[in-house]
**Q** 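The structure under discussion is supplied below as structure tokens; questions concerning it will follow.
Counting convention: from 1, in listed order, for ligands and their atoms alike. All of these numbers come straight from a predicted model, not from anything done at the bench.
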Amino acid sequence: MKILVINCGSSSLKYQLFDMENESVSAKGLVDRIGIDGSNLTHRKTGAEPLTVTTPIKDHKVAMQLVLEALLDKDHGVLKSLEEISAAGHRIVSGGDYFKEAVLVNDEVMEALRKCIPLAPLHNPGHIMGIEAIQHALPKLPNVVVFDTAFHQTMPDYAYMYGLPYEFYETHRVRRYGAHGTSHNFVALRAAEILGKPLSELKMITCHLGNGSSISAVKNGKCIDTSMGLTPLAGVLMGTRTGDMDPACVPFVQNITKYSADEMNNFMNKKSGLLGISGVSSDLRDVEQAAAKGNERAQLAINMLEYGIRKYIGAYTAAMEGLDVIVFTAGIGENSAETREGVCKHLEFMGVKIDSAKNKIRGKEAIVSTDDSKVKVLVVPTNEELMIARETKRVAF
Ligand code: ADP
């Protein structure tokens, strides 16, 4: 069985074709700059040289057509017929509180997806165009939508509500939704497998630390809290995002700068975080290098990041009334031994003992706590596309 995983943005279309017999990727690629000058497709059959096509691509329908042609190409393709594709799985950033799990696309689902646009105005319109494009090209193909928010829908109301007047929730659905749910779900399942214990018996904190970062409390396999909120701005310090701060900072800064709401949003999302504090870069590698050379603001940014993660781990341990496993994933979590060690070395009081030698790894699965550590610490590379492919198979067949 072959499943096409699609991640559409407003001007891009990323795809991976999975062979579900062995969960391998047969081909993958990216259509970039859709509707903009210089649009192009880069396609790569696994193990082969990439194919690059630069041509005007006016919309997502044209982009999808190009992808399907590349999959059939006699040199770069991996399919003899498009009928070999059994289903498509679409990554959807926000399903609001309409979707508690992945579902098969029908008219009602498309209607609800449109209602979720205000919650992810930069992402959901592109996702919808992607679904419509493949429906146009392959009308009989089952489509499944897999939501970044779905895994967090098990949070109790007292964890997802904000202290605004209740009508704001009733009328405008203002609440915590979280993000990266597909990744949290994937690494939680994999960590339980690695430890050989049922997920339903574990209290786990999953730390997805990338350019955007979120931390989740996963109690007996269910998410009970997560650090991102209505939007991905909340939580720990990120590449260019503030993370948590007193909400009154917003009008305070606006009064000084005279920024409009949109300008202020941009300031908090694009100019802050590691970049804003260090003045060096949004990329942790650059910030680590600068700190090693004695840059104090770079060191401050690192201290804020590690301290923020530690506070969430403390809070979520209290929320779950205990802790068995910490999982690190995504760019920083998988690669920065310094961040993992910086977070864990202060948690010995609650049974977390990191093994510095085992922790010196990058980008691969490992248990990095000592054998006698009460809480196990794991590195698990995330694979959101594979999780989407698995969910698509589960829902469609
Ligand atoms: P995104 O959220 O855009 O998917 P990633 O998960 O790729 O981002 O994470 C990007 C982050 O991972 C960047 O801050 C980058 O510096 C960090 N990172 C990647 N490799 C390393 C490394 N070897 N050491 C420290 N940080 C790293």
**Q** Would you say Ile332 and ligand 1 have an N/O pair spaced under 3.5 Å apart?
**A** yes

**Q** Below the 3.5 angstrom mark, is there an N/O of Leu284, backbone or side chain, next to an N/O of ligand 1?
**A** yes

**Q** Heavy-atom contacts with Gly212 under 4.0 Å: which atoms of ligand 1 show up? List them by number with element.
**A**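 Within the 4.0 Å cut-off of Gly212, ligand 1 contributes 2 (O).
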
**Q** Looking just at side-chain N and O atoms, do Glu384 and Thr182 make a donor-acceptor pair shorter than 3.5 Å?
**A** no

**Q** Is Asn185 close to Met387 at the side-chain level, that is, under 4.5 Å between some pair of heavy atoms?
**A** yes

**Q** May I ask whether His208 places a heavy atom under 4.0 Å from ligand 1?
**A**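 Checking ligand 1 against His208, which is what was asked, there is no heavy-atom contact under 4.0 Å.
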
**Q** Give yes or no for whether the N/O distance cutoff of 3.5 Å, strictly under, is met between Asp283 and ligand 1.
**A**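 Yes, Asp283 has an N/O under 3.5 Å of an N/O on ligand 1.
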
**Q** Between Asp372 and Thr370, does any side-chain donor sit less than 3.5 Å from a side-chain acceptor?
**A**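 Asp372 vs Thr370: donor-acceptor pair found between side chains.
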
**Q** To the nearest 0.1 Å, how far is atom 18 (N) of ligand 1 from its closest protein heavy atom, and which atom is that?
**A**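 Checked against all protein heavy atoms, atom 18 (N) of ligand 1 sits closest to Gly331 O, 3.6 Å.
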
**Q** So, regarding Leu274 and ligand 1 (criterion: nitrogen or oxygen to nitrogen or oxygen, under 3.5 Å), is there a contact or not?
**A** no

**Q** If we ignore angles and hydrogens, is there a donor and acceptor under 3.5 Å between the side chains of His180 and Asp148?
**A** no

**Q** Is the ring centre of Tyr177 less than 6.0 Å from the ring centre of Tyr160?
**A** no

**Q** Please report which non-hydrogen protein atom sits nearest to atom 24 (N) of ligand 1, along with the residue it belongs to and the distance in Å to one decimal place.
**A**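 Atom 24 (N) of ligand 1 sits closest to the protein heavy atom Arg285 CG, 3.6 Å.
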
**Q** If you measure only the distance, is there a donor-acceptor pair under 3.5 Å linking the side chains of Asp244 and Tyr312?
**A** yes

**Q** Parallel, tilted or perpendicular, judged at 30° and 60°: which one describes the rings of His184 and His152?
**A**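 His184 vs His152 ring planes: perpendicular.
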
**Q** Can you find a side-chain donor-acceptor pair between Ser24 and Asn22 that sits under 3.5 Å?
**A**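 There is such a pair between these side chains.
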
**Q** Less than 4.0 Å from atom 8 (O) of ligand 1, is there any heavy atom belonging to the protein?
**A** yes

**Q** Relative to atom 22 (C) of ligand 1, which among Asn211, Leu305, Asn335 owns the nearest non-hydrogen atom?
**A**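 Answer by nearest heavy atom: Asn335.
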
**Q** I need the atoms of ligand 1 closer than 4.0 Å to a non-hydrogen atom of Ala330, numbered in the order shown.
**A**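 With Ala330 as reference, the close atoms of ligand 1 come out as 6 (O).
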
**Q** Which atoms of ligand 1 have any heavy atom of Ser336 under 4.0 Å away?
**A** 25 (C)

**Q** Would Lys364 and Val379 satisfy side-chain contact (heavy atoms from CB on, under 4.5 Å), going step by step from the backbone distance to the final call?
**A** CA-CA 7 Å; Lys364 57 177 184 210; Val379 177; over 6 Å; no

**Q** With a 4.0 Å heavy-atom cut-off (strictly under), which part of Arg362 contacts ligand 1: side chain, backbone, both or neither?
**A**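 For Arg362, only side-chain atoms sit under 4.0 Å from ligand 1.
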
